[in-house]
Amino acid sequence: EFPSAWQTTSNGLQYRLQKLRHAHLPDQFGRGKCYDLAQFDDAGRKRAVQALLRHPQVLNRLRREPAFPLNAAVGQSDVNHFWVVDHFEDGVTLRQHVTASGRSSGLPVSEVIDLMRQLIEALLVLHVKNIIRREFTPDSILIRPDGSLLMTDMELCKLSSEYPTVRLKDLPTNPFVAPETKGPKIDESVDVYGWGKLFLFCLLYTSDAADE
């Protein structure tokens, strides 16, 4: 399919999303993220690649966990473009799900509770494996057709033993991110904060509030 518009991560990288078909297995598809590294010099590109490799490193710890994707490949197609490809799964983002056309208010409370239960269980899986999600938004969580939750965009995760954290610049203001994520040391409490903000987003969303 055609690539999406360019998007910017919180650590300053620009990327486009694209559904990909396997060159030799026509029934196999991937969710590809192509990162533009042209803005960096050689040293900057090396740091960017270091950050992007966090995605497969994290997912290798999470194999067979249903709330997380399977990574298919990572690598550079040329000096200025780095690809992260996961196995493709159907779904819409949490934001799209909550703001679906024709819905003037938030999700039913029972559905919000179910989604937030799934999210906290996914975060507990991360924390048991000494991984901090650190930053997530309604756009980095997919809802599959069966209602199950899939966390994506694992590049900004942090390993508990890691110091300093892998990021290219200070994270900008994000209403779903705990303020202490800009500090040099963080712990699992930042994920609890983000979980709470997403809970409020799902529970209190209205079409009028979305325009503010």
Side-chain angles (χ1 to χ4, degrees), residues 1-5 7 9-10 15-22 25-34 54-74 83-129 131-157 174 176-177 191-192 194-205 207 210:
E1 296 179 354
F2 290 107
S4 70
Q7 303 176 53
T9 69
S10 290
Y15 70 91
R16 295 195 296 189
L17 283 168
Q18 191 168 7
K19 184 177 180 180
L20 307 172
R21 184 192 298 272
H22 196 285
L25 303 173
D27 294 328
Q28 184 170 313
F29 297 91
R31 179 182 185 266
K33 293 179 73 175
C34 180
R54 176 51 35 83
H55 183 89
Q57 290 170 354
V58 167
L59 290 182
N60 283 341
R61 295 191 182 191
L62 298 169
R63 286 186 177 276
R64 299 182 180 86
E65 295 290 349
F68 303 95
L70 291 174
N71 182 244
V74 294
W83 285 84
V84 174
V85 183
D86 295 333
H87 289 278
F88 181 83
E89 295 196 51
D90 286 320
V92 297
T93 68
L94 180 61
R95 186 185 300 277
Q96 291 170 329
H97 186 62
V98 172
T99 63
S101 177
R103 182 181 287 139
S104 61
S105 60
L107 300 173
V109 172
S110 59
E111 186 175 358
V112 173
I113 291 174
D114 177 65
L115 289 173
M116 292 303 104
R117 175 190 55 79
Q118 292 187 58
L119 180 57
I120 199 68
E121 289 175 350
L123 291 174
L124 288 173
V125 169
L126 290 177
H127 295 170
V128 166
K129 296 180 181 295
I131 300 167
I132 299 171
R133 182 61 179 86
R134 178 160 52 191
E135 178 179 2
F136 44 87
T137 71
D139 302 302
S140 63
I141 296 170
L142 293 184
I143 309 301
R144 299 181 178 102
D146 65 0
S148 62
L149 179 148
L150 180 73
M151 296 188 75
T152 67
D153 306 335
M154 309 300 286
E155 296 89 333
L156 292 177
C157 286
N174 181 326
F176 298 97
V177 175
D191 288 344
V192 177
W195 176 85
K197 294 301 289 283
L198 282 177
F199 201 146
L200 289 174
F201 170 79
C202 293
L203 195 63
L204 303 179
Y205 170 83
S207 57

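Remember, predicted model here, so these are calculated numbers, not experimental data. By convention here, the first residue in the shown sequence is residue 1.
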K.L.:
Can a donor-acceptor pair be found, under 3.5 Å and without considering hydrogens, that links the side chain of Q118 to the backbone of G147?
P.N.:
yes
K.L.:
Under 4.5 Å between any side-chain heavy atoms of L115 and L107, yes or no?
P.N.:
yes
K.L.:
Checking R133 side chain against L126 main chain: does a donor-acceptor pair fall under 3.5 Å?
P.N.:
no
K.L.:
Please answer whether the main-chain N or O of T152 pairs with a side-chain N or O of S140 as donor and acceptor at a distance below 3.5 Å.
P.N.:
no
K.L.:
For G91, does its backbone N or O pair with a side-chain atom of R144 as donor and acceptor, under 3.5 Å?
P.N.:
no
K.L.:
Nearest 0.5 Å, what's the CG-CG distance between L124 and D191?
P.N.:
10.0 Å
K.L.:
Does a side-chain heavy-atom distance below 4.5 Å link R61 with M154?
P.N.:
no
K.L.:
Looking at side-chain heavy atoms only, is the closest gap between W83 and Q18 below 4.5 Å?
P.N.:
yes
K.L.:
So how far is it from D90 CG to I143 CD1, rounded to the nearest 0.5 Å?
P.N.:
13.5 Å
K.L.:
Quick one: pull up CH2 in W195 and CD1 in I120 and give me the separation to the nearest 0.5 Å.
P.N.:
5.5 Å
K.L.:
What pairs of donor and acceptor atoms, side-chain ones from residues 62-74 against any protein atom, are under 3.5 angstrom apart with sequence neighbours left out?
P.N.:
unit_1	atom_1	unit_2	atom_2	d
N71	ND2	V85	O	3.1
N71	ND2	D86	OD1	2.9

K.L.:
Taking the side chain as every heavy atom from C-beta outward, state whether E135 and D153 have any pair of such atoms under 4.5 Å apart.
P.N.:
no
K.L.:
Any heavy-atom pair between the side chains of L142 and E89 that's under 4.5 Å?
P.N.:
no
K.L.:
Say whether, by atom type as modelled, one donor and one acceptor occur between the side chain of R21 and the main chain of P26 under 3.5 angstrom.
P.N.:
yes
K.L.:
For the pair L123 and F136, evaluate side chain to side chain contact (heavy atoms under 4.5 Å, CB included) and give the outcome as yes or no after the intermediate values.
P.N.:
CA-CA 11 Å; L123 291 174; F136 44 87; 3.9 Å; yes
K.L.:
Kindly say whether T93 contributes a backbone atom to a donor-acceptor pair with the side chain of Q96 at under 3.5 angstrom?
P.N.:
yes
K.L.:
Would you compute the distance between atom NZ of K33 and atom CZ of R16 and round it to the nearest 0.5 angstrom?
P.N.:
14.0 Å
K.L.:
Taking salt bridge (Lys or Arg N to Asp or Glu O under 4.0 Å) as the definition, give me every residue that meets it alongside R117, ordered by chain and number, with sequence neighbours left out.
P.N.:
D114, E121
K.L.:
Restricting to non-hydrogen atoms, name the atom on M116 and the atom on C202 that form the minimum distance, rounded to 0.1 Å.
P.N.:
CE-SG, 3.9 Å
K.L.:
Check L17 against Y15 and note the closest heavy-atom contact, atom names and distance.
P.N.:
CG-CE1, 3.9 Å
